[in-house]
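Order of appearance sets the numbers: ligands from 1, and atoms from 1 within every ligand. Just so it is clear, the model here is predicted, and its values are computed rather than measured. FYI, side chains are in, hydrogens and waters are out, and symmetry mates aren't considered; it's all heavy atoms of this structure.
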Amino acid sequence: MKTLIAGNWKMHGQQAWTVKAAGFDRLLEATDREHIEVLICPPYPFIREMFVASAARHIKIGAQNCHAIEKGAHTGEVSAEMLADCGAEYVIVGHSERRAAGERDSDVSAKASAAFRAGLTPIICVGETLEQREAGNANNVVEAQIIGSVPDSAENFVVAYEPVWAIGTGKVAEISDIKSMHAHIRGLVGDNVRILYGGSVKPGNAAAILGTENVNGALIGGASLNMADLSAIARSAPKN
Ligand code: PEP
């Protein structure tokens, strides 16, 4: 199982950043990368150009969201099929920033099903708030999210465990907490699903996080905007 290093650019970037991604793609040529898979999920308008520009294909391109339906009168929406047509291979679904805007587990599950229909791999995000953790409910919350967000009989998907309080805050979960939550998730999804950790992953903490049992990669927000940081994180993945 290759370690997945996935960058989520959120609503950052501009057309010119495509060049950064292409440079990173070439940089990986000289990197030992048998054991890793590198993915960047830019905003929708940059997906096609990033796919074309990263011609060496050492990075894969993904999206940050999709609509559940293939086509129709849904102004402003983008279908999983359109993303696949533009070169995307993955799509993030159920990110906590979208859940905070009202997305429910059933919506996330429908989007993950749309991803399968289009031949994309969904990265299904789950994670507890600080309040839920402090109340001792982290495991139950994440378990309920997984049960509600992973479609029945789903096979080729990735789970990203992202404690909400660790996203974009600089606060990282303790390694012991990451280990325990990932073991819990492993028990729910089985051995063949990659489980990523997300929440303030940086070059300085990546090796410890990626070296933790049942951590099969990272979903990286802020640090993925800097290609040197993303590359350092990719290089710190253990060679299993
Ligand atoms: C994220 O957006 O999924 C994320 C983990 O962000 P950051 O790395 O900035 O905490």
Side-chain angles (χ1 to χ4, degrees), residues 3-13 17 20-21 24 36-44 46-47 50 59-66 88 90-103 107-108 111-112 115 120-130 132-133 138 141-142 145-146 149 157-175 177-178 181-182 185 194-210 212 214-237:
T3 298
L4 180 59
I5 305 296
N8 172 15
W9 279 8
K10 309 194 186 190
M11 198 170 69
H12 293 288
W17 285 26
K20 296 210 292 186
F24 179 47
I36 53 171
E37 194 179 348
V38 181
L39 168 73
I40 296 182
C41 302
Y44 289 143
F46 311 139
I47 287 177
M50 295 246 314
I59 58 172
K60 292 184 172 168
I61 306 300
Q64 302 169 20
N65 183 36
C66 67
Y90 285 84
V91 60
I92 298 170
V93 292
H95 190 281
S96 66
E97 287 155 13
R98 299 200 60 85
R99 288 180 184 266
E103 208 161 276
D107 301 316
V108 179
K111 289 178 179 199
L120 300 176
T121 302
I123 299 177
I124 302 172
C125 300
V126 295
E128 82 286 355
T129 62
L130 189 56
Q132 290 164 331
R133 173 158 286 272
V141 166
V142 167
Q145 287 175 335
I146 289 184
S149 307
F157 64 100
V158 175
V159 170
Y161 167 58
E162 302 202 295
V164 177
W165 47 272
I167 296 179
T169 58
K171 291 182 194 151
V172 186
E174 297 291 334
I175 294 293
D177 290 334
I178 297 176
M181 182 59 84
H182 279 237
I185 297 173
R194 283 183 288 187
I195 308 171
L196 315 184
Y197 171 79
S200 298
V201 175
K202 307 264 181 285
N205 58 25
I209 293 169
L210 293 171
T212 302
N214 286 313
V215 173
N216 311 116
L219 183 55
I220 305 139
S224 75
L225 301 176
N226 179 315
M227 295 300 105
D229 283 354
L230 190 57
S231 156
I233 293 170
R235 283 198 308 272
S236 61

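For ligand 1, residues of the protein lying within 4.0 angstrom by heavy-atom distance are Asn8, Lys10, His95, Glu162, Ala166, Ile167, Gly168, Gly198, Gly199, Ser200, Leu219, Ile220, Gly221, Gly222.
A salt bridge does not link Arg99 with Glu162: none of the charged nitrogens is closer than 4.0 Å to a carboxylate oxygen.
Here the side chain of Asn205 pairs a donor or acceptor atom with the backbone of Ser200 at under 3.5 angstrom. Panel note: side chain Glu128, backbone Val142; no donor-acceptor pair is recorded below 3.5 Å.
Ring-plane geometry between His182 and Tyr161 is classed as perpendicular, the angle between the planes exceeding 60 degrees on a 0 to 90 degree scale with a lower cut at 30.
In terms of the side chain to side chain donor-acceptor pair (under 3.5 Å) criterion, residue partners of Asn216 (sequence neighbours excluded) are, by chain and number, Arg186.
Side-chain contact between Val141 and Thr129: absent, with no pair of heavy atoms (C-beta onward) separated by less than 4.5 Å.
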